[in-house]
Amino acid sequence: MGFKSVEDTWSTIKLIPFAVVLYDAKKKTYKANSQAQSLFELSPHNNFDDVDFKHLTLTNPESKKQLIFRELFDKYLVINTSSNILLGKANTNSLINAKLAQLSDSVHIVTFEIIKQSEDEQYNFDKIISKISTDLIDIQSDEINTHIEFALKAIGTVCFADRSYLFKFSDDGKSMKNTHEWVNQGVEPFKDKLQHIPKNSLPYFTSLMNSTHLFKVNDVEKLPKKAIKEKEELQSEEIQSVLCIGLRYDKELVGFIGCDCVKQKRQWTDLDLIRLKLVGEMIANAFKNINFKNELQYIQQQLITANLKLNEQVNTDGLTDIANRRCFDDTLKNELLRCTRYQQPIGLIMCDIDFFKKYNDNYGHQQGDEVLKSVAQALKAMCKRQGDLAARYGGEEFAIILPATDTDNSLKFAALIQQKMAELAIEHNYSTVSKQLTISMGVYSLIPCKETTAQSLISGADKALYDAKNTGRNQVALYK
């Protein structure tokens with residue numbers, strides 16, 4: 001899971017000063033902090049199971065439907081991440097608000113709050129921590145800035161700070177920059193000025209961050225002599241107290257989250273430290289999830305591209321770079337079904353280069369390959385409508401599928417092919433019908449029915465091609 005391990009995560013979460021329960025779906029066990037144990041009247045224990053919560057009555061106040069405790073983690077709150085629930089225990093009933101945060105596929109936490117009629121605090125960390133975690137758990141890259149700024153404002157407010165911020169280290173680890181910042185009213189922002197700061201310009205800070213992941217200063221005036229550069233920098237920003245905690249990503253220190261006070265000094269408390277660390281871990285986990293999603297999307301795109309290329313290779317003739325026999329067979333079947341469904345005609349033209357063996361024997365196979373490429377590309381260029389397909393059928397034979405094309409228009413298309421061959425003007429002095437390369441063609445067009453097969457269409461066009469070749473070549477024959 002994103003937060004190191006269940007035990008390490010729980011060691012932080014259990015210190016939050018409000019009721020929180022962690023559920024590990026793999027082990028089917030719960031962990032409850034002291035506030036949750038008190039709220040649900042549980043005996044102090046490290047791990048709980050479903051039986052420990054059977055004395056509770058949980059009811060949806062709107063539908064009056066009763067719930068079991070497990071449903072809060074794997075069903076009810078998955079749909080409604082925040083919901084009010086009637087809690088019944090012994091002779092008392094309470095209306096509580098439950099909020100779900102999914103730390104991983106198998107580890108969820110739910111925070112519980114007894115609803116009160118009035119709350120005056122603008123930012124009650126006990127109330128919004130679950131919102132911060134929920135917002136950051138399944139975040140999209142285009143939402144990250146908004147949610148991080150909300151989290152910084154929340155942590156800055158509850159820690160009574162004047163600024164809160166996020167810094168990231170450069171990939172080479174030599175510099176750092178302020179990426180996000182919240183400032184209190186009347187406090188000068190410094191984000192734009194704190195870009196690409198060399199880490200060696202703050203050696204004392206860097207050393208502490210690398211060794212302890214913590215820079216805690218209650219009074220900047222009392223920094224040691226070896227922190228002279230840090231003291232000068234903090235005083236230039238009129239900072240009196242500062243608290244920074246390192247952010248780790250896959251065990252690597254990648255930046256830090258921090259708060260500082262300008263208007264007055266602050267004695268940072270353990271609770272400040274816990275809260276800042278928790279929000280920092282949530283932010284680090286959010287970046288980890290985004291990086292994972294981006295990497296996954298990149299891999300998926302690579303797979304899509306590879307599949308498209310593979311599909312293209314599978315359906316393309318290696319020599320002529322037009323559709324091959326496999327693609328022709330699949331396309332003919334599909335277009336035949338479509339024309340049958342809509343009762344449209346379909347035309348098929350089978351083409352054969354006249355005396356191609358003599359061309360190869362006299363001009364060479366390499367030159368023969370060039371001729372096949374030229375003819376193939378010419379036929380492909382003529383197929384401009386969606387559904388039209390020129391394919392290499394085999395050897396020197398080509399086939400053209402013409403959906404929604406009747407006999408007259410199929411014959412016109414064949415005439416255009418003859419015209420195109422004449423324009424190519426490929427020399428063939430060993431042909432007995434012309435001094436230029438020519439083509440014989442067989443044409444078959446019909447309105448198909450359910451009994452019409454691709455093979456019957458091919459057979460008809462083949463017979464017409466046979467007639468064209470037997471009656472002098474360099475001509476078009478129609479199957480009737």
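Start at 1 with the first residue, then count along the sequence.
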**Student:** If you look only at distance, which donor and acceptor atoms sit under 3.5 Å apart when one is on a side chain in residues 368-375 and the other is two or more places apart or in another chain?
**Tutor:**
from	atom 1	to	atom 2	distance (Å)
E370	OE2	K373	NZ	3.4
S374	OG	E370	O	3.1

**Student:** Run the salt bridge (Lys or Arg N to Asp or Glu O under 4.0 Å) test against D162 and tell me which residues pass, sequence neighbours left out.
**Tutor:** none
**Student:** What residues form a salt bridge (Lys or Arg N to Asp or Glu O under 4.0 Å) with R385, not counting sequence neighbours?
**Tutor:** D388
**Student:** Looking at residues at least two apart in the chain, or sitting in another chain, which of them share a side chain to side chain donor-acceptor pair (under 3.5 Å) with Q267?
**Tutor:** N218
**Student:** Return the set of residues passing side chain to side chain contact (heavy atoms under 4.5 Å, CB included) with A376 (not counting sequence neighbours), or none when no residue passes.
**Tutor:** T320, I322, F398
**Student:** For residues 172-189, which residue pairs pass the salt bridge (charged side-chain N to carboxylate O under 4.0 Å, His left out) check, not counting sequence neighbours?
**Tutor:** E188-K193
**Student:** Can you run down the ring pair (Phe, Tyr, Trp, His ring centres under 6.0 Å) pairs that involve residues 251-278, sequence neighbours left out, and say none if there aren't any?
**Tutor:** F167-F256, F205-F256
**Student:** According to the side chain to side chain donor-acceptor pair (under 3.5 Å) rule, which pairs have a member within residues 200-216, sequence neighbours left out?
**Tutor:** none
**Student:** Which residues satisfy the salt bridge (Lys or Arg N to Asp or Glu O under 4.0 Å) test with K28, sequence neighbours excluded?
**Tutor:** none
**Student:** Under the salt bridge (charged side-chain N to carboxylate O under 4.0 Å, His left out) rule, what pairs show up with a residue in residues 313-322, not counting sequence neighbours?
**Tutor:** D317-R392
**Student:** Only counting residues at least two apart or in another chain, list the ones meeting side chain to side chain donor-acceptor pair (under 3.5 Å) with Y23.
**Tutor:**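 Partners of Y23 under the side chain to side chain donor-acceptor pair (under 3.5 Å) test: R70.
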**Student:** Name all pairs fulfilling the ring pair (Phe, Tyr, Trp, His ring centres under 6.0 Å) condition that reach into residues 170-194, sequence neighbours left out, sorted by first residue then second.
**Tutor:** none
